[in-house]
Number of protein chains: 2
Amino acid sequence: MCAAEETTGEDTPWGEVTPEAARRLLVAAVDAFAERGYHATTTRDIAGRAGMSPAALYIHFKTKEELLHRISKIGHERALYVLDTEADRDGTAAERLAGAVRSFVRWHAERHTTARVVQYELDALGEEHRTEIVALRRRSDAVVRRIIGEGVRDGEFDVPDVPGTTLAVLSLCIDVARWFNAQGSRTPDEVGELYADLVLRMVGARQIPR
Amino acid sequence: MCAAEETTGEDTPWGEVTPEAARRLLVAAVDAFAERGYHATTTRDIAGRAGMSPAALYIHFKTKEELLHRISKIGHERALYVLDTEADRDGTAAERLAGAVRSFVRWHAERHTTARVVQYELDALGEEHRTEIVALRRRSDAVVRRIIGEGVRDGEFDVPDVPGTTLAVLSLCIDVARWFNAQGSRTPDEVGELYADLVLRMVGARQIPR
DNA sequence: CCCGAACCTGAGCAAGCGCTTAGGGCTTGT
DNA sequence: ACAAGCCCTAAGCGCTTGCTCAGGTTCGGG
């Protein structure tokens, strides 16, 4: 199902988007969408930021919505990859949960421009594209729920309401994209560390690992 | 500071908006903004939902942005009132924090249509109106920070990073407006209860009150 | 009965929107 | 040298947008 080229854990952002002109447009769109929102952004604005004429956009993308879809899909895949990687490590449930939250939050802070589009412009997608993306989001939910469930099973965590707590944990992480500011006083690493600690408290982890 | 007419804790929503036609338009706007977002909503749509012609809107509101501003201002005042009321009660810091979170979350769930507009359409406001609203939001932050600070001072809470934890608590509550669904399986009361418990864990409250 | 104020509508304007089309320069292989 | 193919632009089409304005309806007070 997944080709070898689709390396969702790459270092270069948007490396899989080719040709380079399309990538430039896409990056410009991410900035514009994050700044003003999808509906308040014009195709002329996107093209302008990429140093091209408005018509150039339609050589690389069929519609403005397709741009959003590609951003949203790649973004969700990246976020999910980050979460999955940490969840599949060895260690106690507490260690894995802390690692997952730390990385997931760090991703949302570091890539807060992308994350804002990914997390808050879902409604602007068309019907089909949205259901596709929602499926990806459910997988994130499943990952976190599994770790918490295992922690409860092994007696590591004290969680009366696993689905509710899962929801709250993910909600907390996702909302970082809304408030995080690069000019602010906290680094992405610091926020990740703080949040990992807070989440361990939420699940009543019996001891702080490491 | 507050006039007698400014009863922000009323039972009837939007009771302070008169005349009745203006209130109908405002309610229609809340629904439309919450559903599609400010920029994706047309003045024709708002007027249509209120059963009026597009021109009628401009008798009661100068611009579309003024509509958003009134919604945002009243909404923020209500939310802040809810928070303040619980924060000013007697009791331990844990009791007050739990009460504040419970009520604040319940408000965001019950009034999730309004809350979505209030919390996620800030950027659509004009420069002046936005700074006015941001000032209201800082007051919410101060309320929560004060309770947590007092809990730490009295040895009730164990919080290494008070500003960070305050941020996280508010972030958690606010994000309820994004995911809460009236058709979902949880009632606003249940979510409020769950979240109050989770927040007490986050601050390391020594015992669960009541 | 008429007046003025309050409220609302039908029609429409200027501007801006997403998107299309015709065509012109590059680069590349031969 | 030249043709093919790719990438881009200038111009603009059809439509929708926020908003305006002249005029009509309703209603309480004189």
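A note on names: the letters A, B, ... follow the listed sequences, proteins ahead of strands, and every chain is numbered from 1.
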## Note on the structure
Scoring nucleotides 3-10 of chain D by protein non-hydrogen atoms under 4.0 Å (B base, S sugar-phosphate only, - none) yields -----BBB
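Using a 4.5 Å heavy-atom threshold, the side chains of Thr63(B) and Glu66(B) count as touching. In this structure, Arg106(A) and Val191(A) have side chains that are not in contact, with every pair of non-hydrogen atoms separated by 4.5 Å or more. Between Thr85(B) and Ser103(B) the shortest side-chain heavy-atom distance does not fall below 4.5 Å. Taking 4.5 Å as the limit, every side-chain heavy atom of Asp175(B) sits out of range of all side-chain heavy atoms of Leu172(A).
Here the CD-CZ distance, from Glu150(A) to Arg96(A), works out to 4.5 Å after rounding to the nearest 0.5 Å. To the nearest 0.5 Å, atom CZ of residue Arg44(A) and atom CG of residue Leu57(A) are 11.0 Å apart. Atom OH of Tyr38(A) is separated from atom CG of Leu67(A) by 8.0 Å, given to the nearest 0.5 angstrom.
In this structure, Leu57(A) atom CG and dC17(C) atom P are separated by 14 Å, rounded to whole Å. Distance Leu68(A) CG to dG18(C) P: 13 Å, rounded to the nearest Å. Between Glu66(A) atom CD and dC19(C) atom P there is a gap of 10 Å when expressed in whole angstrom units. If you measure from atom CG of Leu67(B) to atom C1' of dG18(D), you get 12 Å, rounded to the nearest angstrom. Here dC7(C) presents its C1' atom at 14 Å from CZ of Phe61(B), a figure rounded to the nearest Å.
At the phosphate of dT20(C), neither OP1 nor OP2 sits under 4.0 Å from any side-chain N or O atom of Tyr58(A). The side chain of Thr43(B) places no N or O atom within less than 4.0 Å of a non-bridging phosphate oxygen (OP1 or OP2) of dC19(D).
By the 30° and 60° cut-offs, the orientation of the rings of His129(A) relative to His69(A) is parallel.
Interface remark: the Arg44(B) side chain does form a donor-acceptor pair with the dG18(D) base, using a distance-only criterion of under 3.5 Å.
Remark: side-chain polar atoms of Arg116(A) are paired, donor with acceptor, to backbone N or O of Ala177(A) under 3.5 angstrom.
Listed by residue number, there are no residues of residues 33-42 of chain A with a heavy-atom contact under 4.0 Å to DNA chain D.
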